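Remember, it's 1-based here, ligands and their atoms both numbered in the order they're listed. Only a predicted model underlies this, so the values are computations on that prediction, with no experimental measurement involved.
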Amino acid sequence: MTTDIPKESLQLRSLIKSSGELELSLVSIAVPEPAPHEVLVRLLAAPINPSDIGLLFGAADMSTATSSGSAARPVVSAKVPDKAMKSMAARLDISMPVGNEGAGVVIAAGSSAPAQALLGKTVAVLGGAMYSQHRCVAAEQCMALPAGTTPAQGASAFVNPLTALGMVETMRREGHSALVHTAAASNLGQMLNRVCIEDEIKLVNIVRKEEQAALLRGIGAKYVCNASAPEFVAQLTDALAETGATIAFDAIGGGTLVGQILNCMEQAINRSAKEYSRYGSNTHKQVYIYGGLDLAPTTLTRSFGMAWGIGGWLVFPFTQKIGPAATQALKERIAAGLTTTFASHYAQEISLSQALQLDALAAYGKRATGEKALINPNKGL
Ligand SMILES: NC(=O)c1ccc[n+]([C@@H]2O[C@H](COP(=O)([O-])OP(=O)(O)OC[C@H]3O[C@@H](n4cnc5c(N)ncnc54)[C@H](OP(=O)(O)O)[C@@H]3O)[C@@H](O)[C@H]2O)c1
C-alpha cells in the first residue's frame, strides 16, 4: 500500500530565536519511507493540550503576537520578554515540531509483522510532532482503535487517560484511599471523575468558578469545592474529613492552594485526633504538582505538622516505574472506554493554518474549561 503518499507534507514548527522572538510557522518536510518496524500515519486529529501550548508558545508574551505570511502559510511572531530568555536557552534557534499525541490512518507500513498488522487501521499515536500531516513512527507507539472509533475520538488516548489512571494507581500504591484534584473541571478532571465513580473512589474536586462546580455535579461528582468562594477552607476541610483524602494532584502549581490543601488535610485529620502532638498529626499528607497552569511561586504557610511531602508528577516516568505489563493493562482499559470514560471534549476542529490564526491562538491559549482545540492536520484551509 504505497499509493497516494505525497513526497512532501506540512508540519507546524515553533522557533524561539536568540534575538528574543517566537516564530510559529508551517514548514514543508519530506515524507519518510517507513523502516521495517515503522508505520506511516496520515494524521487526522491531534489535541492542543496545555503541555503542547507550553512548547508552542514557550515563554513568549502572546499579547504581542502579530501575523504575517499568507492564509495558507501564516507566520505568527511574538516577543519573548528579556527576563524569560534564560529559561529558553536550551531551545534557542531550534525549530521544534509540536503535538504530543494524535490519531490517523496507517497508509504505509514497514516489512515487520507488527507494522504490517496496522496497515489501513485507524490508530492513536504517541510520539511528538503530531501537528504534521504525516508521521513515521514505530508500530509500538500506536494503539489500534476499536472498530468504528473515529480519529477525533482517539486523538487523546494517551496523555490524559493514562494520567487519570496514574493518579488512582499512585493513590493505591502509596497507601491512600481517596483523592483531591485541582483545576478539576478540565478534560482530565472530568475523566478522573468518571474513573473514580466506576472504581468507587472518593474524589474531592477543587475548581475556581461556580459554573465548573455545576458542570462536575452534573456528571455525578459528590465533593466539589470552589476555591474562590469565601467558605472554601471550611468546605474543603469538611470534604477531606468525610472522604479521608490524604493525597492531592495539583495542576496549578503557583499560589497558595497547595499549602491550603495540606493545612485543610491536617485540620481534617485532627478532628478525630485522640491527643495533641506538637509535631502535628503523624498521618502522611502528599501533594503532587503535575501541571503549571500558574507559573507564580508556590507559597506555603505551614500549619500542617511534619508528616507531609510535595513532589512533581509526570505520566511517562510513572508508566516507566510501573513497567510494561501494568501500563498495558491501563491502555486496555482506555481502549475499551475511549468514547465513554476517557472521552475528551473539543471546542473546535481546526486545520494547521487555522491553528496559526490569532483569534484561534487566543481562544485555545486560554486553557479554559471547554476551550480545547483539536487540530486536523489534513483538513483544508
Ligand atoms: N504531569 C503530567 O504528566 C500531565 C499529564 C496530562 C495533563 N497534565 C496537566 O493536566 C492539566 C489539565 O489538562 P487538560 O488537558 O485536561 O486541560 P483542559 O481541558 O484544557 O483544562 C484546563 C483547566 O485548567 C483550568 N485553569 C487554567 N488556568 C488556570 C489557573 N491559572 N488556575 C486554575 N485553573 C486554571 C481551566 O479552568 P478555567 O475555566 O477556570 O480557566 C480548565 O478547567 C494541565 O495542567 C496539564 O498540563 C499533566
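- Close contacts between ligand 1 and V315 involve ligand atoms 2 (C), 3 (O) [criterion: under 4.0 Å to a heavy atom].
- For atom 21 (O) of ligand 1, the closest non-hydrogen atom on the protein side is S186 CB, 3.3 Å.
- At a threshold of 4.5 Å between non-hydrogen side-chain atoms, the residues F316 and L126 count as touching.
- Each of the following atoms of ligand 1 lies closer than 4.0 Å to a heavy atom of V159: 5 (C), 6 (C).
- Looking only at atom types and distance, the side chain of Q212 has a donor-acceptor partner in the side chain of T369 under 3.5 Å away.
- Put simply, the side chain of M167 does not reach to within 4.5 Å of the side chain of Y288, judged on heavy atoms.
- Residue contacts with ligand 1 leave out K366, since none of its heavy atoms falls under 4.0 Å from the ligand.
- Under 4.0 Å from ligand 1, the heavy atoms of T163 that appear belong solely to its side chain.
- Between Y364 and F57, the angle of the ring planes stays under 30°, which puts this pair in the parallel group of the 30/60° scheme.
- Closest to atom 31 (N) of ligand 1 among all protein heavy atoms lies L293 O, 3.5 Å.
- Closest to atom 43 (O) of ligand 1 among all protein heavy atoms lies T369 OG1, 2.7 Å.
- Looking at R73 and L10, their side chains come closer than 4.5 Å, going by heavy atoms from C-beta outward.
- Residues satisfying the salt bridge (Lys or Arg N to Asp or Glu O under 4.0 Å) criterion with E21, sequence neighbours excluded, are K17.
- When the salt bridge (Lys or Arg N to Asp or Glu O under 4.0 Å) test is applied to D52, no partner is found at least two apart in sequence or on another chain.
- Ranking the protein heavy atoms by distance from atom 33 (C) of ligand 1 puts I252 CD1, 3.4 Å first.
- Of the candidates R367, M191, R208, the one placing a heavy atom closest to atom 29 (C) of ligand 1 is R208.
- Between D93 and I16, every side-chain heavy-atom pair lies at or beyond the 4.5 Å cut-off.
- Using a 4.0 Å cut-off between heavy atoms, Q212 contacts ligand 1 through its side chain alone, with no backbone atom that close.
- To the nearest 0.5 angstrom, L40 atom CG is 10.0 Å from L119 atom CG.
- Set against the non-hydrogen atoms of A251, the atoms of ligand 1 under 4.0 Å away are 11 (C), 45 (O).
- Close contacts between ligand 1 and L188 involve ligand atoms 7 (C), 10 (O), 16 (O) [criterion: under 4.0 Å to a heavy atom].
- Between W313 and ligand 1, at least one N/O pair is under 3.5 Å apart.
- Atom 47 (O) of ligand 1 has its closest protein heavy atom at P50 CB, 3.6 Å.
- Counting protein heavy atoms only, atom 1 (N) of ligand 1 is closest to Y290 O, 2.7 Å.
- If you look at L314 next to ligand 1, the close heavy atoms, those under 4.0 Å, come from the backbone and the side chain alike.
- Contact check for E266 versus L262: no side-chain heavy atoms found under the 4.5 Å cut-off.
- Between R194 and E198 there is no salt bridge, since none of the side-chain N atoms of the basic residue sits less than 4.0 Å from a carboxylate O of the acidic one.
- For ligand 1, the atoms sitting less than 4.0 Å from at least one non-hydrogen atom of N160 are 6 (C), 7 (C), 14 (P), 15 (O), 16 (O), numbered in the order shown with element in parentheses.
- Considering SG of C142 and CZ of R135, their distance stands at 10.0 Å, rounded to 0.5 Å.
- Of the protein's non-hydrogen atoms, the one nearest atom 20 (O) of ligand 1 is K372 CE, 3.7 Å.
- Listed by atom number, the atoms of ligand 1 under 4.0 Å from K209 heavy atoms are 38 (P), 39 (O), 40 (O), 41 (O).
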